[in-house]
Structures are given as structure tokens and as C-alpha cells.
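Encoded as C-alpha cells, the structure appears first; notes follow it.
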Amino acid sequence: MPDPAPRPPVVWGRAESRAERDEVYAFRYAHYYSGIDAPGVDHALRRVYLPHDDESILLTGRDTAGKLLITGTGTSAAAQNLPPEWRKLFRLDRLAPLGLDTILIYSRLVSLPERRGGTLFLEFFKYSARYFTERGHACTIHYCAPDLVPLYERLGYRRYAEGYTLSSGLYRIPMILVAADTAYMERVNPAFLQAVRGLAPAGDVTRILAALPELAPRRDRECGASPAPRRGPEAP
């Protein structure tokens, strides 16, 4: 069921200590991955962990009592321990000329089941957007199931490559959000610009769009006034 309103405030932050990071790995397993066989899923230890997690930022949302409600993982596309199949999925060879250290891979978005279908996902998206924009990431890339593409398009993500079948057998679509393309974001998801108000998103939007011509048709098409989604998916 959608979470009722009003809700107590959410405390945004990141997992810093080893105990907090282990809590996130266990949270991923308990609330999404327990029935999935995929790289990093450890059914014996009941956690989801891969080596690149050690180089990643684990963002969190907690209630005022400290209970973990939602988490997402940000990893530099230049990280040394990325899963090999991610390099193929995200076509990192194509993105490399843009500077992989300016591109963030956003993954492992998991929330409590009872908080799905409400506003928590969108609020977490806005928190994440500001956090990573402050730190100079020009683009965020993400992958999702085909049926979730329209939802992520309403957030401002765009397809830039064909889908890819992961070793788990799941077919996923890579998508990109260009923070500096403010004209596009204003049309598609003004909430993003509100979240990053006062910041200057990094990146040369002209250069990025020239490197990814697949983005142009979506950018040039009339986007209408579709609101940003309230309902949030769970993402690998």
C-alpha cells in the first residue's frame, strides 16, 4: 500500500562506518535480492556485496529513530573494481572521451516494501541529485528493466544504447541523466532543478550531446508537462 501522509521526516545521509555499510549490504538482500541469483548475492551471509562497493558512496534515508528506509549506491565510472559486464552494459568505451571520473553509476536502489508507492523514492532522488551534483558529476548512468524506462524518462534519464542481457539472465536498458542539460530538465523534471538550485552542474552539455547523438530525438521532441513520478521502482 502507498505510504500514508503525513510521515515523520526522513534523515538523509551516507553509510560511513563498516557497521553502517554492512547494514546496507544486508538491507539490499532482505528487501530485494533474497530470491535472486546474481553476482554479489550471498545467500549464506544474507547480503549483497561486490568489490566496487568499497569504492562507492552508499546514500541512505532513515527515520528519526535511525531505521533504514531506503538506500542507493553511487560509483564512479572510473572505479577500478567495476563488474566487467557493466563496462559492456554501459558502453563505457563510448563514454570514456567524456571523462569517466565525471560520470556516476547509480545502482542498488532498494527501499522497505511498505514505503514503496509513495513519495520516498522521489525525495531520495532529489537528495541524491543534489549530493552528486555538488561533487562534480556531469552525468549519472543507470540501468533498469524495459517496463521502467518511461518512469526514468520522466525523471530526466534518456536511453543512449541498446539493452544488454546480464549474467543473471536479466535484460536491462542503460540510461543517462545529463545534469548540465538544464533546458531539457526544465521541460521533463523541474524537481531536479529545484533540488540542485544554486549549483552549477559540471560538464559541457554540447560536447556530451555530440558524443551521444541518440539523445537528440528525445531532447527535441515536445515533452509536455508530465509530472515527475511518485512511485519508485526497485533497481538492481
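Quantities reported herein were computed from a predicted structural model and do not represent experimental measurements.
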Listed pairs under 3.5 Å, donor-acceptor, residues 191-206 side chains, sequence neighbours left out:
| from | atom 1 | to | atom 2 | distance (Å) |
| --- | --- | --- | --- | --- |
| Asp204 | OD1 | Thr206 | N | 3.1 |
| Asp204 | OD1 | Arg207 | N | 3.2 |

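- In terms of modelled atom types and a separation under 3.5 Å, the side chain of Thr102 and the main chain of His137 share no donor-acceptor contact.
- Within the structure, side chain to side chain donor-acceptor pair (under 3.5 Å) pairs that include any residue of residues 35-46 comprise Tyr29-His43, Asp37-His43 (at least two apart or interchain).
- Between Lys126 and Glu123 there is a salt bridge, since at least one side-chain N of the basic residue sits less than 4.0 Å from a carboxylate O of the acidic one.
- Contact annotation: the side chain of Thr140 never approaches that of Ile176 to less than 4.5 Å [non-hydrogen atoms, C-beta and beyond].
- From Leu120, atom CG reaches atom CG of Leu112 across 8.5 Å, with rounding to the nearest 0.5 Å.
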Report task. Could you check Glu214 against Arg94 for salt bridge (charged side-chain N to carboxylate O under 4.0 Å, His left out), going step by step and ending with a plain yes or no? Result -> CA-CA 12 Å; Glu214 296 88 348; Arg94 288 191 59 203; 3.1 Å; yes
Query raised in the report: Between Tyr33 and Arg108, does a side-chain contact (heavy atoms from CB on, under 4.5 Å) hold up when you go through it step by step?
Result: CA-CA 10 Å; Tyr33 287 93; Arg108 308 296 198 220; 3.3 Å; yes
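- Leu89 and Leu50 are assigned to two separate hydrophobic clusters, defined by single-linkage of ILVMFWY side chains at heavy-atom distances under 4.5 Å.
- Under the 3.5 Å distance criterion, the side-chain polar atoms of Tyr157 are left unmatched by any main-chain donor or acceptor of Pro174.
- Residue Phe27 comes nearest to Leu68 through the heavy atom pair CE1-O, 3.4 Å, listed as atom of the first residue, atom of the second, then distance.
- Connection of Leu109 to Ile36 is established within a shared hydrophobic cluster, with ILVMFWY side chains joined at heavy-atom distances below 4.5 Å, either directly or through further cluster members.
- Between Thr73 and Arg28, the side chains place a donor N or O and an acceptor N or O closer than 3.5 Å (distance only, hydrogens not considered).
- Of all heavy-atom pairs between Ala138 and Ile208, the closest is CB-CD1, 4.4 Å.
- Summarising the geometry, atom CD1 belonging to Ile141 is positioned 5.5 Å from atom CG belonging to Leu95; distances are rounded to the nearest 0.5 Å.
- Side-chain atoms of Val178 and Tyr184, non-hydrogen and from C-beta on, never get closer than 4.5 Å to each other.
- Two residues are said to be in side-chain contact when any heavy atoms from C-beta on lie closer than 4.5 Å; Leu82 and Arg87 meet this criterion.
- Both Tyr171 and Tyr32 are assigned to one and the same hydrophobic cluster, defined by single-linkage of ILVMFWY side chains at heavy-atom distances under 4.5 Å.
- The shortest non-hydrogen separation linking Ser128 to Leu59 is OG-CD1, 3.7 Å.
- Residues Leu104 and Arg135 are not in side-chain contact: their nearest non-hydrogen atoms beyond the backbone lie 4.5 Å or more apart.
- Aromatic ring pairs are classed by plane angle as parallel below 30°, tilted from 30° to 60° and perpendicular above 60°; the pair Tyr143 and Trp86 is perpendicular.
- The closest donor-acceptor contact from the side chain of Glu20 to the backbone of Glu16 lies under 3.5 Å.
- Of all non-hydrogen atoms in Arg21 and Ala15, the two that sit nearest each other are NH1-O, 3.4 Å.
- Taking every heavy atom of both residues into account, His52 and Pro83 meet most closely at ND1-CD, 3.5 Å.
- For the pair Tyr164/Arg172, no side-chain contact is recorded, criterion being any heavy-atom separation below 4.5 Å from C-beta on.
- Atom CG of Leu148 is separated from atom CD of Glu153 by 11.5 Å, given to the nearest 0.5 angstrom.
- With contacts defined as side-chain heavy-atom distances shorter than 4.5 Å, the pair Pro51/Gln80 does not qualify.
- A distance-only check finds a donor-acceptor pair linking the side chain of Arg116 to the backbone of Ser111 [under 3.5 Å].
- Once rounded to the nearest 0.5 Å, the distance linking CD1 of Ile103 with CG of Leu98 reads 5.0 Å.
- A search for ring-ring contact (aromatic ring centres under 6.0 Å, His included) contacts involving Tyr49 returns Tyr25, not counting sequence neighbours.
- Ring pair Tyr106/Phe132 is perpendicular by interplanar angle, where above 60° counts as perpendicular and below 30° as parallel.
- Ring pair His142/Tyr152 is tilted by interplanar angle, where 30° to 60° counts as tilted.
- Side-chain N or O atoms of Glu55 include one that pairs as donor or acceptor with a backbone N or O of Asn81 at under 3.5 Å.
- The existence of a salt bridge linking Arg187 and Asp181 is excluded, since no basic side-chain nitrogen approaches an acidic carboxylate oxygen closer than 4.0 Å.
- Here the closest heavy-atom approach between residue Ala129 and residue Thr133 is recorded as O-OG1, 2.7 Å.
- Looking at Glu23 and Arg62, a side-chain N of the basic residue comes within less than 4.0 Å of a carboxylate O on the acidic one, giving a salt bridge.
- Residues Leu166 and Leu92 share a single hydrophobic cluster, defined by chaining ILVMFWY side chains whose heavy atoms lie under 4.5 Å apart.
- Put simply, the side chain of Pro190 does not reach to within 4.5 Å of the side chain of Met185, judged on heavy atoms.
- Between the side chain of Arg91 and the main chain of Glu162, a donor-acceptor pair closer than 3.5 Å is present.
- The distance from atom OG of Ser56 to atom CD1 of Ile105, rounded to the nearest 0.5 Å, is 8.5 Å.
- With rounding to the nearest 0.5 Å, the separation of CE in Met175 from SG in Cys139 is 13.5 Å.
- Two residues are said to be in side-chain contact when any heavy atoms from C-beta on lie closer than 4.5 Å; Asn189 and Phe125 meet this criterion.
- Between the side chains of Tyr131 and Arg14, at least one donor-acceptor pair of N or O atoms lies under 3.5 Å.
- For Phe124 and Trp12, the ring centers are positioned less than 6.0 Å apart.
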